[in-house]
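All figures in this text were calculated on a predicted structure; none of them were measured in a lab. Residue numbers start from 1 in every chain, and the chains themselves are labelled A, B, ... in the order their sequence lines are given, proteins ahead of strands.
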There are 2 protein chains.
Amino acid sequence: MGSTSCAHVRDPRECEDCSARSLSVCSALDVGELDGLHEIARSTFYPNRSSLFRQGEPSEFVFNVTEGVVRLARLLPDGRRQIVGFAMPGDFLGVSVHATYGFSADAVEDVAACKFGRKAYEDLVASKPHLLKRLHDFSANELSLAQDQITLLGRCTAEERIASFLLHMRRRWAVVRGKPSVTVHLPMSRQDIADFLGLTIETVSRTISRMARDKELTVVPHGVRLSDVRRFEQLAAA
Amino acid sequence: MGSTSCAHVRDPRECEDCSARSLSVCSALDVGELDGLHEIARSTFYPNRSSLFRQGEPSEFVFNVTEGVVRLARLLPDGRRQIVGFAMPGDFLGVSVHATYGFSADAVEDVAACKFGRKAYEDLVASKPHLLKRLHDFSANELSLAQDQITLLGRCTAEERIASFLLHMRRRWAVVRGKPSVTVHLPMSRQDIADFLGLTIETVSRTISRMARDKELTVVPHGVRLSDVRRFEQLAAA
DNA sequence: CGCTACATTGACCTTGCTCAAGATTAGTGG
DNA sequence: CCACTAATCTTGAGCAAGGTCAATGTAGCG
């Protein structure tokens, strides 16, 4: 514990509630409990703005987010930034073939996560083919989602990107919370959304403002309320 | 056999040379032979412009490309297209958790591939944990490459995208052929490159023309010759 | 040789970016 | 609880990268 900067252990008990939902970004799969994994994990608390790990650091740990949203960011050498995903409760983080993390993971609100030592994790996975199969399926699903994002960035307009993003977040919260809601919680900043969608903060702000002006949504603290989900599904297309 | 449209069997012998290199797109990993896999595969020939499979079809087969380049394309409902990758010799194709293929796979030159029935493939994988571990590692690596592509599409200029693409293809051919070359083989059309990089055909053409005018490369039939690889590495940055 | 695909080039236009000025919100200390 | 500050967000004006439309050039192939 504590080797990751800004992390504080909230609860020294073994992690009781590690139901993995994805390898590094988002996933709608619900797989229930991953037997054995919880036995090697520790529940850890990460306050808003703290890092779970940083790009380039040795990938010593694997995480399973249990509460809050984590921003996954890649930094280019010249400072440009691309958010490759937002990890939400149930998501797995830090699984990689590489010796170092490929992106930084930062809490954009207070976060709780189960933290696994990589070696213990690898050993456990090696000894449980069924567990490995599930992780492999997750990772194939992650790949498919990454390809959705590639299509979005390569071929969609600013409006389509925003609409897709809002629906995407809504869908993910529906999985986490168990029921869908027209109010979408967005703990990340406009800059984070912009860097996720390959836009500028001004374009994100303008597009959301225009949607609000057109009564397609209402801006609320740390989120938006969609007036007509159908309308957004049309806009999203992709 | 030949249930896949336009496919012709070149050689009915069991596939002898299935060394997988990646799950669906590109990968620089070289893993040698995947024991057991070749025993359930058949080598099949796909002439230029034929499809290995199409988006939405039931994902009945898994493929390992042994020769040629395969274009992996997603089509949006309104006709916009995004190429999510080019599969090259050694690459694996069609591995997915979903019941249908998430993209179409088309030969952009004459292609040879080993074709596995999905059930036989699944059974084999289930019975060989070591094989599954390798496939899982591939898929985690694929995810990392997809994130590179996301960063490229989200944050890079047209020039940077072209430069990255050319270097990327060069690197991949170096792995396939065993040695790097300043001449990069590009069997796909300008339109395919554009749809891969999230650009238009005109921008791809103009950018390559300008690079040729500036003596950074020479356009050759089905490819380019890089005058100074360093120069491109600077341009690529990401 | 002539057809068809594909590629290149030019002129013009649009989307989204840049720069800059306010407005709002969140955080902090009195 | 309020005032002050800093960060974040919004809005506007102007600009530029890349898209669109259209014409021309070139290569592959029967």
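The aromatic rings of H185(A) and W173(A) sit tilted relative to each other, their planes meeting at an angle between 30° and 60°.
Regarding I208(A), its CD1 atom lies at a distance of 11 Å from the C1' atom of dT10(D), rounded to whole Å. When the P atom of dT15(C) is taken as reference, atom CZ of R155(A) falls 16 Å away, rounded to whole Å. The distance between atom CG of D195(B) and atom P of dA7(C), rounded to the nearest whole Å, is 12 Å. Distance CD (E160(B)) to C1' (dG18(D)): 14 Å, rounded to an integer number of Å. One atom, CE of M211(A), and another, C1' of dT11(D), lie 17 Å apart when rounded to the nearest Å. The interatomic distance linking R213(B) (CZ) with dT9(C) (P) rounds to 6 Å, in whole Å. Between R161(A) atom CZ and dC17(C) atom C1' the separation is 13 Å, expressed in whole Å. One can place CD of E159(A) at 11 Å from P of dT15(C), the figure rounded to the nearest angstrom.
For F61(A) and F53(A), the gap between ring centers reaches or exceeds 6.0 Å. Residues F63(A) and F92(A) place their aromatic rings such that the two centres sit no closer than 6.0 Å.
Near DNA chain D, meaning a heavy atom under 4.0 Å from it, residues 197-207 of chain B has G198(B), L199(B), T200(B), E202(B), T203(B), R206(B) in order of number.
The shortest distance between side-chain heavy atoms of V224(B) and T183(B) does not fall below 4.5 Å.
Syn is the classification of dA5(C), since its glycosidic angle stays within 90° of 0.
Proximity of S189(B) to the phosphate of dA5(C): no side-chain N or O atom is located under 4.0 Å from OP1 or OP2. Checking the phosphate oxygens (OP1, OP2) of dC6(C), a side-chain nitrogen or oxygen of R49(B) falls inside 4.0 Å.
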Any chance you could list the contact pattern along nucleotides 24-30 of chain D? Use B for base contacts, S for sugar-phosphate-only contacts and - for none, protein heavy atoms under 4.0 Å, 5' to 3'.
-------
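Between atom CG of residue L52(A) and atom CD of residue E57(A) there is a gap of 10.5 Å, rounded to the nearest 0.5 Å.
A donor-acceptor contact closer than 3.5 angstrom links the side chains of T157(A) and E160(A).
The heavy-atom pair separating E159(A) from T207(A) by the smallest distance is CA-CG2, 4.0 Å. R54(A) and S104(A) get closest at one heavy-atom pair: CA-OG, 3.5 Å.
Across all strands shown, dT26(D) forms no Watson-Crick or G-U wobble pair with both key distances under 3.5 Å. In this structure, dA5(C) makes no Watson-Crick or G-U wobble pair, since no nucleotide meets both defining distances under 3.5 angstrom.
One finds a salt bridge joining R80(A) and D78(A) here, because a Lys/Arg side-chain nitrogen approaches an Asp/Glu carboxylate oxygen to under 4.0 Å.
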